[in-house]
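Working notes, structure below.
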Amino acid sequence: MKLQPKAEMFFVMIPQQKGDIISTGAYPHTLRYDHQSNYYFHPNDGKLIQSDPYHSKTLGLQVVEMNYGIHTGQILDLPGKIIAFTVSLIASALPVSGFVIWFGRRKKSKNKK
């Protein structure tokens with residue numbers, strides 16, 4: 001919290017085995033999973049081992065961390081969520097409409113000459 005005082009959401013990963021590094025993350029906005037800054041602490045004395053603030057990450061890593069927000073439409077707030085919902089609704093309707101068209105063609109009788 002001292003390293004990111006304006007962050008609204010944090011996570012702390014408790015080590016599974018004795019001696020593992022404690023991983024933490026800070027997000028600038030609540031329930032927004034992009035712009036994550038990571039910090040790693042020593043398990044015994046709590047000293048900072050490594051810090052990866054968001055602004056120092058590569059562009060590729062920043063895009064990878066925005067994956068969830070892009071796929072759920074969080075990046076553009078409410079309009080993005082509406083667009084994501086509409087696209088997913090259309091994508092889920094395609095197999096159903098394809099089956100209906102295929103089944104309808106099968107039922108038609110062939111013209112006899």
Side-chain angles (χ1 to χ4, degrees):
M1 292 175 90
K2 290 179 184 177
L3 297 170
Q4 290 281 333
K6 294 183 180 179
E8 295 178 3
M9 187 171 73
F10 298 93
F11 76 86
V12 177
M13 294 183 66
I14 306 298
Q16 296 295 323
Q17 297 177 2
K18 189 175 183 177
D20 284 349
I21 293 173
I22 299 171
S23 302
T24 64
Y27 299 96
H29 304 290
T30 305
L31 299 178
R32 296 283 306 259
Y33 299 102
D34 50 7
H35 295 83
Q36 172 185 342
S37 297
N38 300 97
Y39 302 99
Y40 304 96
F41 296 95
H42 193 274
N44 295 331
D45 58 12
K47 290 184 181 177
L48 182 65
I49 296 174
Q50 181 181 356
S51 66
D52 292 328
Y54 178 77
H55 59 82
S56 69
K57 293 181 181 180
T58 63
L59 179 62
L61 190 55
Q62 290 176 356
V63 171
V64 167
E65 288 182 354
M66 288 191 294
N67 189 26
Y68 179 79
I70 291 169
H71 282 86
T72 58
Q74 266 187 346
I75 295 295
L76 300 175
D77 292 325
L78 184 60
K81 289 182 181 185
I82 292 170
I83 291 169
F85 172 75
T86 306
V87 168
S88 62
L89 187 65
I90 291 169
S92 65
L94 287 175
V96 175
S97 63
F99 175 78
V100 169
I101 292 170
W102 172 79
F103 193 72
R105 287 184 183 172
R106 232 181 81 187
K107 284 178 55 177
K108 289 182 182 178
S109 61
K110 295 183 179 182
N111 294 338
K112 294 182 181 181
K113 291 185 180 181

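FYI, side chains are in, hydrogens and waters are out, and symmetry mates aren't considered; it's all heavy atoms of this structure.
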Contact summary for Pro43 and Ile21, nearest pair of heavy atoms:
CD-CA, 4.4 Å
Mutual orientation of the aromatic rings belonging to Trp102 and Phe99 [parallel < 30°, tilted 30-60°, perpendicular > 60°]
tilted
Cluster check Leu76, Val63: I/L/V/M/F/W/Y, side chain < 4.5 angstrom
yes
Would you say the side chain of Asp52 lies within less than 4.5 Å of the side chain of Leu61, judging by non-hydrogen atoms?
no
How long is the gap from OH on Tyr39 to CG on Leu3, to the nearest 0.5 Å?
5.0 Å
Tell me whether the count of non-hydrogen atoms from other residues, nucleotides or ligands lying under 6.0 Å of CZ in Phe85 goes above 12.
no
Checking Gln74 side chain against Gly69 main chain: does a donor-acceptor pair fall under 3.5 Å?
no
To the nearest 0.5 Å, how far apart are CE in Met66 and NE2 in His35?
6.5 Å
Using a 4.5 Å cut-off on heavy atoms from C-beta on, say whether the side chain of Tyr33 contacts that of Met9.
yes
Counting N and O atoms only, with roles assigned by atom type, does the side chain of Ser37 sit under 3.5 Å from a partner on the main chain of Tyr54, one being a donor and the other an acceptor?
yes
Any link between Ile49 and Val12 through a network of hydrophobic side chains (Ile, Leu, Val, Met, Phe, Trp, Tyr) touching at under 4.5 Å?
no
Non-hydrogen side-chain atoms of Asp77 and Arg32 separated by less than 4.5 Å:
yes
Are Ile22 and Phe11 linked, directly or through intermediate hydrophobic residues, by side-chain heavy-atom contacts shorter than 4.5 Å (ILVMFWY only)?
no
Are Phe103 and Ile101 in one and the same hydrophobic cluster, where Ile, Leu, Val, Met, Phe, Trp and Tyr link if side-chain heavy atoms are under 4.5 Å apart?
no
Nearest-0.5 Å distance, CZ of residue Phe41 to OG of residue Ser23:
10.0 Å
Keeping Gln4 on the side-chain end and Pro28 on the backbone end, is there a donor-acceptor pair under 3.5 Å?
no
State the CG-CD distance between Leu31 and Glu8, to the nearest 0.5 angstrom.
9.5 Å
Which value, rounded to the nearest 0.5 Å, describes the distance between Phe10 atom CZ and Thr30 atom OG1?
9.5 Å
Considering all heavy atoms of both residues, which atom of Gln36 and which atom of Glu65 are nearest to each other, and what is their separation?
O-OE1, 3.6 Å
Let me confirm one number: the CD1-NZ distance from Ile83 to Lys81, rounded to the nearest 0.5 Å.
13.0 Å
Is there a path of hydrophobic side-chain contacts, each under 4.5 Å between heavy atoms, that joins Leu94 and Val96?
no
Quick check: does any side chain N or O of Thr86 sit under 3.5 Å from a backbone N or O of Ile82, one acting as donor and the other as acceptor?
yes
